[in-house]
**Q** 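My structure is below; once you've seen it, I'll send some questions.
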Amino acid sequence: LGRPNHQNPSTPTVSLVIAAYNEKDVILSKLQNSCSLNYPLDQLEIIVVSDGSTDDTCRLLHDLSIKYSALNTLCFDRKITSPNSIIGKTAYLMDKVSCNLSDHIILDTKTHCKYFSETFNIEKNKFSHVFVGADDSKFFPLNIARKNTEFRIFYWSTFHPLHGVEYIVKAAEILKDYEDIHFELAGRGMMHNKVKKMAENSKLKNITFTGWVPLDKFYDFVVNKIATSDICLGGHFSEVDKGKRVISEKTFQFLAMKKP
């Protein structure tokens, strides 16, 4: 019969079908185990068929399907884990299952739709894009008198790695000799202490960290800051690829209030 030819090994698309009946106690660990297979995840489709389960199997699968872009959030936005780790592979599966179970998928930009289509091997016609936008009952042009004449630059953030707030600190350092220019960064998050330490180490006096604002006061605070600033920074500024595919919520808020 001759020797098999291994010079051009192929990795065809494989569908793994899991039949489940009342498997609520093990279904999630089974999916995680399937993700750890030594096979390219972009060539692997995992289909779970619940054969009339009467326990919480279907609910667990539904909850899994509505998770929002776990792969991006865990691996790239927040850099909590590697996409090649067990957690990263599980996140990939969560997104892929979510997309496969959906009748239609709405994302915020055309570029983000293209990314999901290519990453999870899903037909482009299953996607639509709708810009995040801003609530125009809260965000609209305002003319609020200011108490000083300094040039004010405003930015709010939850300080994820995606946001690249450290680059704003670097910009403040470049402009530190201009005493009439002042930066204000509002919010808190996983990168907050690191970024604030950068500013402290550089002994910057032209930047203020406001900290987090309670949700019930958030919109009034942000609207006031936008209205009384000369420039508002939307972002994202990091090198994370997602930053090139999406438009931040704050950018739409600033545009709605007609701020550069």
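Basis for what follows: all heavy atoms, side chains included, without hydrogens, waters or symmetry-related copies.
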**Q** Looking at the rings of H129 and F127, which for Trp means the six-membered one, are their centres under 6.0 Å apart?
**A**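 When the ring centroids of H129 and F127 are compared, they turn out to be at least 6.0 Å apart.
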
**Q** Short question: side chain of S117, backbone of E123 - any donor-acceptor pair under 3.5 Å?
**A**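 Looks like no, no N/O pair under 3.5 Å.
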
**Q** What's the shortest heavy-atom distance between A227 and L142, and which atoms?
**A**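 Closest pair (atom of A227, atom of L142, distance): CB-CB, 4.1 Å.
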
**Q** Does the K259 side chain pair with the main chain of S229, one donor and one acceptor, at a distance under 3.5 Å?
**A**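 Such a contact is found between K259 side chain and S229 backbone.
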
**Q** Apply side chain to side chain contact (heavy atoms under 4.5 Å, CB included) to the pair I247 and F131, showing each step before the final yes or no.
**A** CA-CA 8 Å; I247 303 172; F131 289 132; 4.1 Å; yes

**Q** Could you tell me whether the side chain of S238 and the main chain of L162 form a donor-acceptor pair under 3.5 Å?
**A**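 It does hold such a pair.
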
**Q** Let's go through K250 and C232 carefully: what are the C-alpha distance in whole Å and the side-chain angles of both, what is the deciding distance for side chain to side chain contact (heavy atoms under 4.5 Å, CB included) to 0.1 Å, and is it a yes or a no?
**A** CA-CA 9 Å; K250 60 182 74 70; C232 297; over 6 Å; no

**Q** P161 versus M191: any side-chain heavy-atom pair under 4.5 Å?
**A**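 Yes, at least one pair of side-chain atoms sits under 4.5 Å.
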
**Q** How close do A172 and I207 get, heavy atom to heavy atom, and via which atoms?
**A**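 Closest heavy-atom pair between A172 and I207: CB-CD1, 4.4 Å.
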
**Q** Apply side chain to side chain contact (heavy atoms under 4.5 Å, CB included) to residues V165 and F237 and explain how you reach the verdict.
**A** CA-CA 7 Å; V165 188; F237 303 108; over 6 Å; no

**Q** Quick one: does T208's side chain have a donor or acceptor within less than 3.5 Å of a partner on E184's backbone?
**A**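 Here the side-chain-to-backbone pair does not exist.
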
**Q** May I ask you to test the D241-Y115 pair for a side-chain heavy-atom distance under 4.5 Å?
**A**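 No, too far: nothing below the 4.5 Å cut-off.
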
**Q** For the residue pair W212 and T158, what are the closest heavy atoms and their distance?
**A**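 Shortest heavy-atom contact: CH2-CG2, 4.0 Å.
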
**Q** So, does T228 use its side chain to make a donor-acceptor pair with the main chain of R146 at under 3.5 Å?
**A**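 Between the backbone of R146 and the side chain of T228 there is no qualifying donor-acceptor contact (under 3.5 Å).
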
**Q** Do any pairs count as a salt bridge (Lys or Arg N to Asp or Glu O under 4.0 Å) and have a residue in residues 167-183, sequence neighbours left out, and if so which ones?
**A**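 Sorted result for residues 167-183: empty, none.
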
**Q** What are the two closest non-hydrogen atoms of C99 and F120, and how far apart are they?
**A**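 Taking every non-hydrogen atom into account, SG-CD1, 4.4 Å.
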
**Q** Ignoring hydrogens, what is the shortest heavy-atom contact between S53 and A20? Give both atom names and the distance.
**A**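 Minimum heavy-atom contact is OG-O, 3.5 Å.
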
**Q** Between F218 and W156 (judged by ring centroids, cut-off 6.0 Å), do the two rings come close enough to count as a pair?
**A**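 They qualify: ring centres under 6.0 Å apart.
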
**Q** Establish, yes or no, whether the cationic atom of K225 lies under 6.0 Å from the six-membered ring centre of F154 and within 45° of the ring axis.
**A**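 Ring-cation test returns no.
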
**Q** Would you say that Y167 contacts E239 through its side chain, given a criterion of any heavy-atom pair below 4.5 Å between the two side chains?
**A**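 The answer is yes, as the side chains (C-beta and beyond) meet within the 4.5 Å cut-off.
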
**Q** Say you draw a straight line from CZ of F209 to CG of N193; how long is it, rounded to the nearest 0.5 Å?
**A**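 The CG atom of N193 is 10.0 Å from CZ of F209, to the nearest 0.5 Å.
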
**Q** What closest approach, in Å, do H104 and N125 show between heavy atoms, and which atom pair accounts for it?
**A**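 Heavy atoms of H104 and N125 come nearest at CE1-O, 3.8 Å.
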
**Q** Taking the six-membered ring for Trp, are H112 and F116 ring centroids under 6.0 Å apart?
**A**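 Ring-ring flag for H112/F116: true, centres closer than 6.0 Å.
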
